Amino acid sequence: ASDSSAAETTTAAPGAGAPEATAQQPDSQKVSLVVVDFQVGGGSSGELAERVSAAIARTHKFRLLERSRIEDVLREHDLTRQGLTDPAYAVKAGKMIGADFLLFGKLTERGANTVENQIPHTQHVERRTIAQVGGRFRVVDTRSGEIVASREISVSRSSESMGPGGYESGSRGDLLAGLDDAFAERLAQELVGQVYPIKVASVSGSQIVLNRGEGGGLRPGQRIEIISLGKAIVDPDTGDVLDHSESRIATARVDAVRARVSEATVEGTAAVEVGMIARPLSGGARSAAATVAADPAEDQRREENKPKW
């Protein structure tokens, strides 16, 4: 089976709405977050919200609150779940729950499609099944009512098989079974990438350590760019920080990904400093606000996985 994913985003500047969080930061100092049940069709899914909560917990960047608090507060104060989508309402509910952030999500697609190609002079067919799960999320800062992160996510997997025409194995269910977890993991990566960009945590000569480990979207051999953020770009009407000017300081290659950090080697002799942003390299330039770069290998995988018929 093969994997592919795509995401587009519009979000606040790096680190918007959240203090610095490090691998050693006590839970009491981390911002608190609770995941609201995901909207699925005309109802909701607590199971998917639990998967997302578990994936976010593994990033060690947030203090996750028990989701049961939501139901307790709604029931105690005679509030409705639908009202939580209103930012002003979310501020009120968030304060009562004790959460700094509320994460809202909606599943927009989940299914599988099979394409068959008859093999000449036989009763067998080549069968290719593609499964896909997609959705979107946004995070509201309950202290201000601002949306501090927002993104659409799509993950897919495919499999190929050969067999008698009219017969189909359980490949659809098998593919979909793992996609909910893949969706949750990708969502957690995107969330952390927007609220907490990957940063240089330590420097020793040409060796650097990044504050992102397993499940953080980095892999050995991946090339990254090291960015120094400069002057803030401020909206003259509202005074909001829209972005930051930036300068590429160096490039580096990821050597190893450990549980909570990654190690990389700087290419060249540029001076890299602790606190600089690290961003996976992609084909085009990206603004400082778009902190999660696409995996360049994914385009090639998608091209290779296209049906040959």
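Only a predicted model underlies this, so the values are computations on that prediction, with no experimental measurement involved.
To the nearest 0.5 Å, the span separating CZ on R127 from CD on Q118 amounts to 10.0 Å. The distance from atom CD1 of I153 to atom CG of L187, rounded to the nearest 0.5 Å, is 4.0 Å. Rounded to the nearest 0.5 angstrom, R186 CZ and Q189 CD are separated by 5.5 Å. From S156, atom OG reaches atom CG of L179 across 7.5 Å, with rounding to the nearest 0.5 Å.
Hydrophobic clustering (side-chain heavy atoms under 4.5 Å, transitive across Ile, Leu, Val, Met, Phe, Trp, Tyr) keeps I233 apart from I227. By the criterion of side-chain heavy atoms lying less than 4.5 angstrom apart, applied directly or through intervening Ile, Leu, Val, Met, Phe, Trp or Tyr residues, F101 is grouped together with L64 in one hydrophobic cluster.
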side-chain contact (heavy atoms from CB on, under 4.5 Å) between L218 and I224, intermediate numbers included: CA-CA 9 Å; L218 295 176; I224 59 177; 4.3 Å; yes

Intermediate values then yes/no, side-chain contact (heavy atoms from CB on, under 4.5 Å), Q207 and E263: CA-CA 7 Å; Q207 304 301 307; E263 300 170 351; 5.8 Å; no

CA sep, side-chain torsions, deciding dist, call: F137, E190, side-chain contact (heavy atoms from CB on, under 4.5 Å): CA-CA 10 Å; F137 77 90; E190 304 290 359; 4.2 Å; yes

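Ion pair R279/E246 flagged as a salt bridge, since at least one NZ, NE, NH1 or NH2 atom sits closer than 4.0 Å to an Asp/Glu carboxylate oxygen. Salt bridge annotation for E214-R260: absent, with no cationic side-chain nitrogen under 4.0 angstrom from a carboxylate oxygen.
Shortest non-hydrogen contact noted between R67 and V36 is NH1-C, 4.0 Å. Of all non-hydrogen atoms in A264 and D255, the two that sit nearest each other are C-OD2, 3.4 Å. Counting all heavy atoms, side chain and backbone alike, I277 lies closest to P197 at CD1-CB, 4.1 Å. Contact record, L210 with I208: CD2-CD1, 4.0 Å, taken as the closest heavy-atom pair.
Counting only distance, with no hydrogens or angles, the side chain of S206 and the backbone of V266 share no donor-acceptor pair below 3.5 Å. Without hydrogens or angle criteria, S245 side chain to K231 main chain gives a donor-acceptor distance under 3.5 Å.
Shown are V203, L229, I226, I198; of these, the side chain to side chain contact (heavy atoms under 4.5 Å, CB included) with M276 is made only by I226.
No more than 12 heavy atoms of other residues, nucleotides or ligands sit less than 6.0 Å from atom CD of E66.
In the model, Q132 has a side-chain atom that pairs as donor or acceptor with a side-chain atom of S154 under 3.5 Å. Between the side chains of T129 and T114, at least one donor N or O sits under 3.5 Å from an acceptor N or O.
Taking R248 as the reference, E225 meet the side-chain hydrogen bond (donor to acceptor under 3.5 Å, both in side chains) condition, with sequence neighbours excluded.
Ring pair F183/F38 is perpendicular by interplanar angle, where above 60° counts as perpendicular and below 30° as parallel.
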